[in-house]
Amino acid sequence: MTASLDRRAATARMLRDRGDALVVTGLGNPTYDVAAAGDTALNFYLWAAMGGAAMAGLGLALAQPHRRVLVVTGDGEMLMGLGSLATIGAEQPSNLGIVVLDNEHYGETGMQPAHTGRGVDLAGIAAATGFKLAVTVRTEAEVQSLAAQLFTVCRAALRRRQGLHIAEPDLAPRATAPTSAAAFAKHCSAPTPTAGEKARRGSSARPSDASPNSDCRLAKPALELRLLRHVPSSHHS
Amino acid sequence: MSGADSITPSRDASAPMIESAPVMSASWPAHVFHELQTARVVQVAYVPDAGHGELIDLCHADTAMRAVSLTTEEEGVAMLAGAWLGGQRGALLLQSSGVGNCINMLALNQECRIPLLALVTMRGEWGEFNPWQVPMGRSTGAALETAGVLAYRADAADDVAPTVRAAAALAFHSSRAVAVLIGQRVIGTKSFEK
């Protein structure tokens, strides 16, 4: 590794100008990093389902073709779902991006080495599966430059494009996000909203109009209820 | 045959036909497709499969649906969870051998109460020629149930579409993972010669 990035700072920088983009996170530190960058009901955090983050992003991107969908995951999680890069490459969604926070280790389980530290190039694999843009960034300047592309490319929606952006954060010990984790637990323990509550939420114009944590008490799945605002109510009866 | 003539009143195209065998038997995939349309399924994720071949073709041909070929079945579990989050319903088409691939990913459905409609063509049972299909085929139903998926069998062609209809209602109205196991006897036995 030639340079190091602070994972938290890089994630926050990437997401700074996300607007109303939808974000799906892979289990472990990416989930905590994204939550720490600003918890919002537009984030869907995976806490398990390892290998599924990119595909959850694809399903969401196909369902919400006019929204930018970004998957933020780790190298171990991405390696477990390598086939999904092929599926996404074949499908060529116009609004999906994948960011892999690649520290070349399995942070959640005790920093065991991952294949990405042993010569396996995720950006190369993504490029080979048909990703139009697949790069590895290692400096803050590169992160900033990519962050600009990350959300403007799709918003313009001028052409089919997707990016796999791989940062190489430092090897600092894993950081948990107790505050955010507690907030998630609160989401999960809240009572299921009634049909009336769902309908009222469904009538709101845009999630970005609400303050990020205004729906802290949403029942699980919190994000789903938020997203339902953007589809005809007949989709979920 | 005079017997057949006696139940066929006329060859006039406007006259009602009396079928000697249910139409549905020959075309259960078309009826399942109709059920998916009726249930407003939009995203269809599948791993290529002979038993689901006709249904997969129908889904690809429908411009209102998005059929996505997967490299492995658990991709579909995650993809359709994302679809649901985005407001679309989906269906996963797989073979019994692929059920084993999905188990860990099903935590997503169970923990977040995200619905799943899975249509499973069975292998390893009726007239199976490949012994390696037997172990997963034998444990498909139990594996699904253990993972929190409600599994229902359809062992006659006429039962498939109604079972899919019921499964879709259960899945999407009660936010649960539901599978329909389509018996190998319905699909037909694969042979070495094919």
Whatever's closer than 4.5 Å to a heavy atom in chain A on E75(B) counts as both

For the atom pair CG (L62(A)) and CD (Q88(B)), what is the distance rounded to the nearest 0.5 Å?
-> 7.5 Å

Write out, in numerical order, the residues from residues 61-72 of chain B with a heavy atom short of 4.5 Å from a heavy atom in chain A.
-> R66(B), A67(B), V68(B), S69(B), L70(B), T71(B)

Looking at G83(A), A53(A), G81(A), G52(A), which makes the most heavy-atom pairs under 4.5 Å with chain B?
-> G83(A)

Selection residues 144-163 of chain B - residue pairs positive for ring-ring contact (aromatic ring centres under 6.0 Å, His included), sequence neighbours left out | none

Pick one: which of V24(A), L22(A), L60(A) meets side-chain contact (heavy atoms from CB on, under 4.5 Å) with L85(B)?
-> L60(A)

By salt bridge (charged side-chain N to carboxylate O under 4.0 Å, His left out), E73(B) pairs with (sequence neighbours left out) none

Residues of residues 101-108 of chain B near chain A, each having a heavy atom less than 4.5 Å away = N104(B), M105(B), L108(B)

Tell me, side chain or backbone of L82(A) under 4.5 Å from chain B's heavy atoms, or both, or neither?
-> neither

